[in-house]
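Structure record follows, encoded as structure tokens.
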Amino acid sequence: MATFQLPQLQGRIQFSLDGLQGFLLARGEVALQEKANALQHQRRTLGERALLSLAFSGQYSAGKSTIISALTGRSDIHISADVATDEVQAYRWRDIELWDTPGLFADRPDHTAKAEQALRDADLIVYCLTTNLFDTVTAADFRRLAFENGFAPKIFLVVNKLSMVDVEDIDAYITNLTISIDRTLAPHSLSGFNHAFIDAQDFREGDADGDESLLRCSRFEGFIQQLNGWVKQQGLLARLDPPIRLGLSTIDEALATLPDGTFEQNPELFLLNQQLRI
């Protein structure tokens with residue numbers, strides 16, 4: 001049923017964006033016409049993307065680049081404990097495009113802006129943590145992203161660097177990590193997300209050395225199976241999310257350019273704004 005409805009849904013979205021673009025162009029304000037032109041450019045960019053996109057996001061040094069390297073088998077991806085990525089980089093993995101985004105909270109506003117734009121543009125998101133889990137800042141960011149902005153259905157949560165702490169009972173350790181995450185996300189919980197606990201670097205080293213024990217401890221092969229299943233489950237419907245968010249953000253940005261009191265002076269414009277948003 002979903003496959004049958006997909007072209008219809010895509011058509012409805014594009015029809016709505018056509019209406020928004022035409023409305024902005026018809027206005028006399030230069031700023032609104034500029035927003036219409038930007039919308040046209042961004043729609044063209046979205047339309048040219050042939051592959052499902054998966055953006056890796058999270059705090060810098062969470063191991064996003066390492067995970068992508070482990071998935072793709074590429075050794076030319078820059079990996080560092082410090083800030084390793086300053087631009088969005090795309091890598092092909094099977095029939096998916098993996099986006100390595102700049103890390104958040106590195107005191108680099110330009111990095112944060114690029115990362116957040118990638119999240120809006122991506123079909124799906126892998127949000128990466130280390131076993132240090134959330135601090136006050138990252139918890140607030142994740143809650144905003146997942147629950148306030150409505151990204152939760154398109155997020156796969158990964159806790160990386162599992163071997164950062166030497167423990168005897170890994171299952172008990174993961175249980176404790178889960179309890180801590182549940183406490184942070186309450187009233188939501190980790191069970192509401194597809195998730196995995198892994199060590200990408202252990203997998204890379206185990207794969208390079210043929211060390212079966214290290215490969216098992218990395219839990220990475222299970223993560224690959226989970227990721228494949230999740231992407232298959234989300235399917236092509238994930239492609240509907242970016243253009244919808246593009247339309248909504250264009251409305252917000254257009255409204256921000258209007259002088260104070262515009263709606264009071266032009267009630268019809270207020271009603272049109274509500275209709276376009278719906």
Side-chain angles (χ1 to χ4, degrees), residues 54-68 70-71 81 98-106 112 115-116 118-120 122-203 215-235 237-238 241 245:
L54 188 56
F56 283 71
S57 180
Q59 188 174 19
Y60 78 95
S61 80
K64 300 182 296 296
S65 300
T66 307
I67 296 172
I68 293 175
L71 285 170
L98 308 182
W99 294 358
D100 193 2
T101 68
L104 302 170
F105 321 116
T112 299
E116 292 187 346
L119 297 183
R120 290 191 292 270
D123 299 313
L124 297 170
I125 298 167
V126 175
Y127 196 96
C128 304
L129 298 170
T130 71
T131 50
N132 289 330
L133 303 183
F134 294 104
D135 58 23
T136 303
V137 175
T138 56
D141 174 73
F142 184 82
R143 294 177 68 87
R144 174 187 60 82
L145 179 70
F147 309 122
E148 294 177 23
N149 294 351
F151 281 87
K154 57 187 287 185
I155 292 177
F156 191 115
L157 186 59
V158 172
V159 179
N160 189 29
K161 302 190 177 182
L162 198 57
S163 65
M164 190 162 58
V165 177
D166 187 17
V167 296
E168 292 185 3
D169 190 338
I170 190 65
D171 291 329
Y173 180 50
I174 289 175
T175 297
N176 289 334
L177 292 174
T178 300
I179 293 171
S180 180
I181 293 173
D182 286 347
R183 189 180 301 120
T184 299
L185 298 182
H188 307 280
S189 67
L190 182 59
S191 62
F193 297 87
N194 285 271
H195 62 275
F197 295 85
I198 64 169
D199 196 295
Q201 185 58 31
D202 277 1
F203 177 81
L215 289 173
R216 285 194 302 272
C217 290
S218 74
R219 303 170 66 92
F220 202 83
E221 291 180 344
F223 164 61
I224 293 175
Q225 293 177 2
Q226 286 179 265
L227 191 61
N228 274 325
W230 178 64
V231 169
K232 183 177 180 180
Q233 181 185 40
Q234 295 293 321
L237 288 177
D241 186 73
R245 293 186 184 276

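Judged by distance alone, the side chain of Q201 and the main-chain N or O of K161 form no donor-acceptor pair under 3.5 Å. Of the possible polar contacts, none joining the N194 side chain to the Q226 backbone as a donor-acceptor pair under 3.5 Å is found.
Every residue meeting the side chain to side chain contact (heavy atoms under 4.5 Å, CB included) condition with A146, not counting sequence neighbours, appears here in chain and number order: F142, A152, I155, F193. Residues that satisfy the side chain to side chain contact (heavy atoms under 4.5 Å, CB included) test with D169, not counting sequence neighbours, are D171, A172. For S163, the side-chain hydrogen bond (donor to acceptor under 3.5 Å, both in side chains) criterion is met by D199, D202, not counting sequence neighbours. With sequence neighbours excluded, the residues forming a side-chain hydrogen bond (donor to acceptor under 3.5 Å, both in side chains) with R144 are E116, D141, listed by chain and number. For A139, the side chain to side chain contact (heavy atoms under 4.5 Å, CB included) test picks out F134, T184, with sequence neighbours left out. Residues passing the side-chain hydrogen bond (donor to acceptor under 3.5 Å, both in side chains) test with T178: none are found, sequence neighbours excluded. Residues meeting the side chain to side chain contact (heavy atoms under 4.5 Å, CB included) test with A62, sequence neighbours left out: C128, T130.
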Using atom types as modelled, flag every donor-acceptor pair under 3.5 Å from a side chain in residues 217-224 to any protein atom, sequence neighbours excluded.
from : atom 1 : to   : atom 2 : distance (Å)
S218 : OG     : L215 : O      : 2.6
S218 : OG     : F220 : N      : 3.2
R219 : NE     : F197 : O      : 3.2

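Residues V137 and Q59 form no side-chain contact, since every pair of their non-hydrogen atoms from C-beta on lies 4.5 Å or further apart. Side-chain contact check for L162 versus I198: every heavy-atom pair is 4.5 Å or farther apart.
L119 CG to Y127 OH: the interatomic distance, rounded to the nearest 0.5 Å, is 8.5 Å. To the nearest 0.5 Å, atoms OG1 (T66) and CG (D100) are separated by 9.0 Å. The CG atom of L190 lies 10.0 Å from the CG atom of L177; values are rounded to the nearest 0.5 Å. To the nearest 0.5 Å, atom CZ of residue F156 and atom CD1 of residue I125 are 13.5 Å apart. A distance of 9.0 Å separates NE2 of H195 from CD1 of I174, quoted to the nearest 0.5 Å.
Applying the salt bridge (Lys or Arg N to Asp or Glu O under 4.0 Å) rule to pairs touching residues 123-139 yields R49-D123, D123-R239, sequence neighbours excluded. Legend: side chain to side chain donor-acceptor pair (under 3.5 Å) pairs involving residues 147-157, not counting sequence neighbours, sorted by first then second residue: K154-D241.
Taking all atoms of both residues into account, the shortest heavy-atom contact from R143 to P187 is NH2-CD, 4.2 Å. When all heavy atoms of T101 and A55 are compared, the pair lying nearest together is CG2-CB, 4.4 Å.
Residue L227 forms a side chain to side chain contact (heavy atoms under 4.5 Å, CB included) with just one option from V158, V126, L124, I67, and that option is V126.
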